[in-house]
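These notes are about the structure you will find just below.
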Amino acid sequence: MTRVVITGAGIVSPIGVGVDAYWSQFVRGTSGVRPTTRFQYPGSPESVNAAVVDDDLSQLLPCKDSTWNAARTTTFALAATKLAIADAGLDLATLDLRNVGIAFGTTLSCVSLMSSFDRRAIEQGPRLSDPGVFPDTGFSAPACRISVLLGPCAFNVTLSNGETAVLDALEYACSFIRSGRAHTVLVGGSEEISTESVFGFAETKARHSRANGRRCPDPQHNECPVLGEGAGVIVIESLDHARNRSSRVLAEVLSCASTCDPRRLHHSAAGLEPACLAVRNALEKSALAAKDIDFVCHGTNGLQTIDAIESRVLNRVFGHEQPIRSDPASQIGGSYSAGGAMKLITAAMALYAGVAPPETRSRPDMQASRPINSAEPRGPSAGIVTSLAACGSNAAVVLRAWDCAA
Amino acid sequence: MNGNPNDEHSAVVVTGIGVVSPIGNGVQKFWPAVLAGISGIDDIRSFDTSGFRTHRGGEVDCLGLTEYLSPDILSQRVGKGSVFAVASTKMAIADAGIDLTTVDPVRIGICCGTTMGECQILEKVDEQFVHSRSDEIEFEGLKYYPPQLIPANVALEIGACGPIHMITTACAAGNYAIGYAADLLCAGVIDVAVAGGVDPLSRVAFTGFNSMLAVSPDMCRPFDLHRRGILLSEGCGMLVLERASSAQERGAPIYAEIAGYGISNDAYHMTSPHPRAQGAINAMRSALREADISPNDVDYISAHGTGTPANDKVETYAIKEVFQKRAFAIPVSSIKSMIGHTMGAASAIEAAVCALAIRYSEIPPTVNYATPDPACDLDYVPNTARKVEVSVALSNAFAFGGNCSALLLRRFAQ
């Protein structure tokens with residue numbers, strides 16, 4: 001079977017833009033959670049979110065006009081893509097772009113732009129609607145903008161699967177590489193904090209607890225997540241293609257798997273088995289045993305119920321051989337679909353740098369295998385990334401450090 | 001498509017079809033209506049169109065659709081997209097005659113496509129933002145907006161625990177979903193798939209396409225010289241897909257085989273098709289290559305055929321580029337002339353039409369066709385259905401952002 005490797009990463013996050021900036025802040029345990037008046041919860045003068053500070057990403061965009069109608073989600077996606085392409089050393093001008101695809105995960109996507117487009121039509125009448133805005137309001141707008149501005153055309157898919165969207169997009173992309181439909185794919189995710197996401201989460205009781213100020217809430221008070229935003233993009237290639245261009249490899253993608261437990265959707269009696277099965281299937285397909293995994297990158301949205309299920313799933317699958325665990329959302333907030341991209345980049349960097357990043361959130365039900373809140377000096381050799389979605393979908397991806405696989 | 005080239009029975013086949021459309025719900029109503037050229041277009045009733053330039057579109061008769069939902073789901077708030085999708089799915093499962101309780105739940109997958117998802121939920125909140133006091137805004141509704149709730153509700157209703165995907169590649173999404181479901185079956189990840197597309201009529205989409213002057217004020221006339229644009233509509237198409245071996249084992253009727261599919265992107269413009277139809281050509285050629293089917297073997301093309309000046313001209317050009325002289329001998333029709341553009345559901349319903357055309361050897365017409373356009377010079381099956389043997393059918397679907405797709409269905413050799 002065709003082997004697939006990660007050769008580059010780009011990230012726009014609340015703690016840094018670019019993978020080096022992100023990683024250096026991440027291993028220090030820097031938190032991107034800050035009070036802001038930009039996005040407010042109903043009845044609250046300010047909120048605490050993990051927003052991207054550097055709004056001026058224009059120098060990273062493919063052209064000056066590219067943000068003319070773009071939502072923040074699209075701007076983040078374009079910037080992260082440019083960074084990933086540069087990080088991978090890809091020269092798009094010399095590639096046959098009919099073999100380069102895009103697989104993106106975003107769920108709320110450009111909802112804010114869509115909503116403002118709709119409200120303006122309601123307020124001013126539909127005949128005054130700006131025809132230049134509408135095409136950028138769709139779920140697939142961020143991914144399509146990447147193709148339109150940068151040229152990859154093998155395929156362009158957007159998955160809106162909630163918290164698992166990017167891991168699912170990676171599985172989709174790997175299947176396209178393995179079937180010979182593409183040799184390189186830009187896999188990523190992007191989301192923005194918006195009035196709609198803030199209000200939507202607020203009404204689902206996913207409010208940030210203010211119990212401990214700037215940090216992510218501890219589990220005793222964790223009613224929910226700090227919302228985050230940003231984008232992450234990785235470049236994956238067939239091993240042959242990566243070797244032919246003498247590319248550096250961050251990690252190898254060994255396997256992906258997904259299941260769902262739709263009972264979670266309406267909070268009826270959800271079990272652990274479908275989620276356990278996603279993790280076990282990914283392990284089985286990777287030909288690794290649970291004991292071979294020494295690093296888990298998990299957590300997505302910080303919803304207490306989902307976090308609890310995920311913890312129990314990992315406890316059940318790994319038993320007494322608990323690997324090191326890290327939850328990036330504890331530092332950069334829960335960025336919904338984009339969270340999967342953040343975790344993939346975090347895991348790939350951990351494997352590449354040989355450093356397990358810190359776990360800044362503890363949970364009583366988590367069988368921690370090491371002291372928390374500090375970077376782990378022991379380098380992992382194989383890791384698993386997991387995502388569980390509120391709608392019931394579960395996804396797992398197994399990565400392996402490249403020096404172990406070569 | 002075949003996961004194992006040495007095993008002809010590992011082909012992926014269509015065994016069940018469910019359709020919700022403006023010209024009838026269920027294959028038994030939809031298929032005779034589409035052959036008869038019945039129009040599902042009328043004045044839009046689900047929202048006020050008085051401020052718009054146009055007023056017509058396609059709407060589904062929802063009477064009876066909620067009967068497909070279980071009490072558990074009905075006790076929850078669900079969007080119209082979920083209602084359409086659950087109803088279509090249950091129709092398809094009944095049509096396939098499959099007892100899903102005999103299938104391991106984690107081996108049942110759902111792949112769904114959409115353009116606007118549950119946009120009507122967002123639209124209601126937007127109206128409240130403009131017209132109501134802040135304490136009257138029902139933010140609660142926003143948690144039902146994310147589109148992945150549609151396949152999740154389908155999974156909940158049929159007891160599926162395998163992969164569920166919501167593919168949001170706009171008006172080509174149904175083809176993407178069916179293609180990926182076939183991939184998952186070929187790879188042995190799942191044993192049964194429910195795949196298709198869904199879109200309720202959206203005021204945002206109606207506003208957007210109207211603002212672009214892309215909506216016809218009266219009727220949709222694909223490939224006609226006087227075509228004036230699309231007519232927005234709503235609906236859902238769901239297919240039950242299985243590997244041929246398991247379908248044959250349980251004696252299931254087989255509509256057609258998913259022979260292959262191709263997807264590509266124009267990488268050109270967010271709304272305009274590539275003037276040389278790059279993505280469309282690549283998608284059709286990829287589908288033919290994957291299916292190992294010669295252009296000479298294609299008997300019918302279900303066109304994207306939106307009725308816009310740009311699409312129909314470019315699609316005609318693309319078909320001629322791919323099929324060369326043979327293009328003039330292949331019947332090409334667009335059911336959007338009857339049901340309007342059902343957005344993310346369109347290609348799923350059109351895939352169903354291809355499967356039905358193969359089963360019943362009859363091709364639906366392109367209605368409202370009166371004046372030939374020199375730039376659109378193929379056989380568009382004008383105004384009257386045609387009885388013709390269809391062994392291989394190609395379904396095109398193109399979308400905003402340059403996403404292009406082509407799905408090939410073939411008569412399954414029992």
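Order of the sequence lines sets the chain letters (A, B, ...), proteins ahead of strands, with each chain counted from 1. No hydrogens, no waters, no symmetry mates; every other heavy atom, side chains included, goes into these values.
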For the student: nearest non-hydrogen atoms of [X] and [Y], plus distance:
X	Y	value
B:Ala267	A:Gly151	CB-O, 3.6 Å
A:Ser160	B:Gln148	O-CB, 3.1 Å
A:Cys260	B:Ala160	SG-O, 3.4 Å
B:Pro146	A:Leu108	CG-CD2, 4.4 Å
B:Thr271	A:Pro135	CG2-CG, 3.2 Å
A:Glu196	B:Leu142	O-CD1, 3.6 Å

Taking the side chain as every heavy atom from C-beta outward, state whether [X] and [Y] have any atom pair closer than 4.5 Å.
X	Y	value
B:Ser211	A:Pro126	no
B:Glu290	A:Ser179	no
B:Arg203	A:Ile122	yes
B:Asp126	A:Ser115	yes
B:Asn153	A:Pro262	no
B:Thr207	A:Phe134	no

Identify which part of [X] has an atom lying under 4.5 Å from any heavy atom of chain B, answering side chain, backbone, both or neither.
X	result
A:Ala143	neither
A:Glu171	both
A:Leu159	both
A:Phe104	neither
A:Arg178	neither
A:Ser129	both
A:Ala121	side chain

Between A:Phe176 and B:Tyr261, what is the ring plane arrangement, given parallel below 30°, perpendicular above 60°, and tilted in between?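 Correct class here is perpendicular.
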What option among B:Gly109, B:Pro163, B:Pro105 has the most heavy-atom pairs under 4.5 Å with chain A?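 Answer, by heavy-atom pair count under 4.5 Å with chain A: B:Pro163.
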Does A:Val111 form a side chain to side chain contact (heavy atoms under 4.5 Å, CB included) with B:Leu122? I'd like the steps, not just the answer. CA-CA 9 Å; A:Val111 63; B:Leu122 184 70; 3.9 Å; yes
Distance (rounded to the nearest 0.5 Å) between A:Thr164 OG1 and B:Ile164 CD1: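 Rounded to the nearest 0.5 Å, the OG1-CD1 separation comes to 7.5 Å.
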Start with the C-alpha distance between B:Cys161 and A:Glu273, add both sets of side-chain angles, then the distance that settles side chain to side chain contact (heavy atoms under 4.5 Å, CB included), and finish with yes or no. CA-CA 10 Å; B:Cys161 291; A:Glu273 214 34 58; over 6 Å; no
Sub-3.5 Å donor-acceptor pair from the side chain of A:Arg127 to the main-chain atoms of B:Phe52, do we have one?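 Judged by distance alone, yes, a pair lies under 3.5 Å.
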Between B:Ser264 (side chain) and A:Cys153 (backbone), is there a donor-acceptor pair under 3.5 Å?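 Such a contact is found between B:Ser264 side chain and A:Cys153 backbone.
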Check whether B:Ala283 gets within reach of chain A through its side chain, its backbone, both or neither, counting any heavy atom under 4.5 Å.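 Neither; nothing under 4.5 Å.
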Might you confirm whether atom CZ of A:Arg181 has over 12 heavy atoms from other residues, nucleotides or ligands at distances under 6.0 Å?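 More than 12 heavy atoms, drawn from other residues, nucleotides or ligands, come within 6.0 Å of this atom.
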